[in-house]
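Note sheet for the following structure.
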2 protein chains.
Amino acid sequence: MPVTIYDVAKRAGVSMATVSRVINGSPNVRPATRKKVLKVIEELGYRPNAVARGLASRRTTTIGVILPDISSVFFAELARGIEDIANMYDYDILISSSDANREKELSLIGSMLERQVEGILFLGGHLDDAHRRLFKTANVPVVLVATEDPEREFASVRIDLRRAAYDAVSFLLDRGHERVAFLTDPLHAPMARARYAGYVEALAERGRRVEEHLVVETHPYYERALKAMATLLALPEEKRPTAIFAASDELAIAAVHAVQDAGLSVPDDVEVVGFDNTRIAQMVRPMLTSVVQPMYDLGAVAMRLLTKFIRQEPVESRDVVLPHRIEFRASTRPRVGAP
Amino acid sequence: MPVTIYDVAKRAGVSMATVSRVINGSPNVRPATRKKVLKVIEELGYRPNAVARGLASRRTTTIGVILPDISSVFFAELARGIEDIANMYDYDILISSSDANREKELSLIGSMLERQVEGILFLGGHLDDAHRRLFKTANVPVVLVATEDPEREFASVRIDLRRAAYDAVSFLLDRGHERVAFLTDPLHAPMARARYAGYVEALAERGRRVEEHLVVETHPYYERALKAMATLLALPEEKRPTAIFAASDELAIAAVHAVQDAGLSVPDDVEVVGFDNTRIAQMVRPMLTSVVQPMYDLGAVAMRLLTKFIRQEPVESRDVVLPHRIEFRASTRPRVGAP
DNA sequence: TTGAAAGCGCTAACAG
DNA sequence: CTGTTAGCGCTTTCAA
């Protein structure tokens, strides 16, 4: 029923190969012929079938993106970075949320491979042997994004989470805080563990040990975190933290509010540092000091790297670590000598 | 190089038709044969080529989603609703951001049709004749989601934006406010216009006219809105609004902060109502009263509707209007008799 | 229950 | 510069 390349060829009085050439912008077509074919394409409303093309050419111009949850601000922003670069290179994007569920991840990877994606971007999960095996039999390049792979077996684009946490905690410790709390989503997640490692390291380097009660593990939602922090702040003053490092901005905001609810002031009584520097960091009062994770760039750089692998271009590094920094705002006290 | 259905057939000593039947779960295969084939599939690590299948069967199990911006909280949440239902019906999703740019939208629609998507979900834009023409030649079902189409020509899933705005503004007016401001993103966007219509209607119904200076059009970002509101609040008291209806939660939060910056109190001096009831509404103090737009459900229902069209199942209504309501929180004063 | 064979719509040598 | 001819890997009649 739909118009095919064959219909166009017949009507234009040329072979389908010529039509194919016109469609694909081959220079080897006489201008007059091209014009004629183009006219017929217009008349017939011909629209090339990308599936057939994909089968014949073995190029689908599609890449697969697997992420924990597209509705999370963090991954949505990352996805946008991926999309923009993909677009620039004429790739379309197949997106699926995995809920960081291993089985779902594996099944999604399989499904994308069946669809003959030309590359896979895998975000924010944890790799085990099954993942590795699948990726290795894939025959298409894979880039991990914002994903912890201790083995560094696959190409990846990320920030140094451990170091970022280390920097944030060091900043707080160096201001003289005796008790810096760490508010985090469950520590079984690899990204949470990386931050925890940085927290521990910053303490250790100063001859301090982790005080169990200052590490607050909670579900990564505002309401839950608020309650968890309320409990911590109800402690007597000599056990209560005077600074809080939170693993996300959402957790940090919960911390800020818990402090205020306890009748204390941010930043005068308690300083708070968040993570990710999402839009919301600037939309609360006091505005949040936050570790900047360049989400859009992570996505963009990863996608660019993937195109290089697909085109077999040389790449400088398979493990790209993007810089992080701390954006200082009002949830911490002004730094001496800061602009 | 990769294993094909033919390789499996040969090795299993059956025809490729039989292998195809096994893959597709056809009941017309002797159990012993099925088992043998399955074993070979396993041994060879055979993975069906979905592109070839799509070409042969004319079914790609792919649907196309076009939205203004995947990094926006609103659309990301909507996308998640779409995804979950799509998944349930074994569809994969091709997502693209259009930036609400007409040309981009048209080109994306074309590209998705070339890819033989089995249906299209079009979110949050404005339809003109070019869109309509494309959709009509598409031969695949289209569902508009959270999209204003005055002509109601295509199936759609949405809330009654005009009515929702009307309800919010009526609520404020009925509390005795003389001056209710409307803080909105640019009014050329159809969704913004719909809310504006509700604002006007609520006023008109009470014999009031729109006061130009109370309609504040701004870019839909916190910083810009904050400035715009500051200007408005700098007005002498008799021109200053005592209530603000904002077109999004982000704008509403800017309004709250502008009021506070002006040395006034929310809700005592100025009441503020937001829109969408995104997560952030509960993450600011005072917590935001907001019009609930069920984003996840909009996506889920739309996707479900699309599957019905694809399967040619009967549908009850082509214009699904989901209910909205107002979630009352602390940015408005307590209602008399409210729980 | 199984197999043979004809496409699906296009690309990509190859020949001219 | 253009046409011919094989496929790409699978589904789907139609027979057997």
Side-chain angles (χ1 to χ4, degrees), chain A residues 1-38 40-41 44-62 90 110-111 113-118 139-140, chain B residues 1-38 40-41 44-62 90 110-111 113-118 139-140:
Chain A
M1 198 64 236
V3 186
T4 72
I5 199 173
Y6 181 74
D7 301 322
V8 175
K10 203 161 66 174
R11 171 107 165 231
V14 299
S15 74
M16 46 188 293
T18 299
V19 177
S20 174
R21 288 192 187 96
V22 171
I23 296 167
N24 295 298
S26 156
N28 302 326
V29 181
R30 194 150 46 91
T33 313
R34 178 189 310 284
K35 204 173 148 196
K36 185 171 55 181
V37 171
L38 250 17
V40 174
I41 286 180
L44 264 39
Y46 167 71
R47 189 175 283 137
N49 181 324
V51 173
R53 168 185 295 167
L55 180 59
S57 69
R58 297 145 157 291
R59 294 205 54 225
T60 56
T61 59
T62 305
D90 272 324
S111 150
L113 293 177
E114 291 187 4
R115 281 173 185 275
Q116 314 300 117
V117 296
E118 293 186 38
N139 284 325
V140 297
Chain B
M1 199 63 236
V3 185
T4 73
I5 199 173
Y6 181 74
D7 301 321
V8 176
K10 203 161 66 178
R11 173 107 166 230
V14 298
S15 75
M16 43 189 294
T18 298
V19 177
S20 174
R21 289 190 187 96
V22 170
I23 296 167
N24 295 298
S26 156
N28 302 326
V29 181
R30 196 150 44 92
T33 312
R34 178 188 311 283
K35 203 173 148 195
K36 185 172 57 183
V37 171
L38 252 16
V40 174
I41 286 179
L44 263 39
Y46 167 69
R47 189 174 284 137
N49 180 325
V51 173
R53 169 185 292 168
L55 181 59
S57 69
R58 297 146 158 289
R59 294 206 54 225
T60 55
T61 60
T62 305
D90 272 324
S111 150
L113 292 176
E114 290 187 5
R115 281 173 184 275
Q116 315 300 116
V117 295
E118 293 186 39
N139 284 324
V140 298

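Values reported hereafter were calculated over all heavy atoms of this structure, with side chains retained and with hydrogens, waters and symmetry mates removed. Naming convention: chains lettered A, B, ... in sequence-line order (proteins, then strands); numbering from 1 in each chain.
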Nucleotide of dC1(D), dC10(D), dG9(C) approaching P2(A) most closely (side-chain heavy atoms): dG9(C)
Atom-to-atom span, CE of M16(A) to P of dT5(D) - whole angstrom: 12 Å
Touch class at under 4.0 angstrom, heavy-atom based, for S20(B) against every strand present: base
Contact under 4.0 Å: R53(A) side-chain N or O vs dT11(C) OP1/OP2: yes
Rounded interatomic separation in angstrom, taking CD1 from I5(A) and C1' from dC10(C): 6 Å
Helix axis bend for the helix from dT1(C)-dA16(D) to dG16(C)-dC1(D) - C1'-based end axes, five pairs, 10° rounding: 30°
Separation of dG3(D) C1' from N28(A) CG (nearest whole Å): 14 Å
Whole-Å gap separating C1' (dG3(D)) and NZ (K36(A)): 13 Å
N24(A) side chain near dT11(C) phosphate (N/O to OP1/OP2, under 4.0 Å): yes
T18(A) side-chain N/O to dT2(D) phosphate OP1/OP2 under 4.0 Å: no
Side-chain N,O (T33(B)) to OP1/OP2 (dT2(C)) below 4.0 Å: yes
5' priority, DNA chain C, between G54(A) and S15(B) [closest heavy atom]: S15(B)
Touch class at under 4.0 angstrom, heavy-atom based, for V14(A) against every strand present: sugar-phosphate
Rounded interatomic separation in angstrom, taking CG from L113(A) and C1' from dG9(D): 16 Å
Atom pair distance, as rounded to whole Å: CG in N49(B) and P in dC8(D): 12 Å
N or O in side chain of R47(A) less than 4.0 angstrom from dG9(C) OP1/OP2: no
Inter- and intrachain pairs under salt bridge (Lys or Arg N to Asp or Glu O under 4.0 Å), touching residues 8-23 of chain A, at least two apart: R11(A)-E43(A)
Atom-pair distance (OH on Y6(A); C1' on dT11(C)), nearest Å: 17 Å
Any R58(A) side-chain nitrogen or oxygen under 4.0 Å from OP1 or OP2 of dA12(C): no
Under-4.0 Å side-chain N/O to phosphate OP1/OP2 contact, Y46(A) with dC10(C): yes
Separation of dT2(D) C1' from K35(A) NZ (nearest whole Å): 20 Å
Each nucleotide N or O in nucleotides 13-16 of chain D that has a protein N or O under 3.5 Å away: list the pair and distance.
none

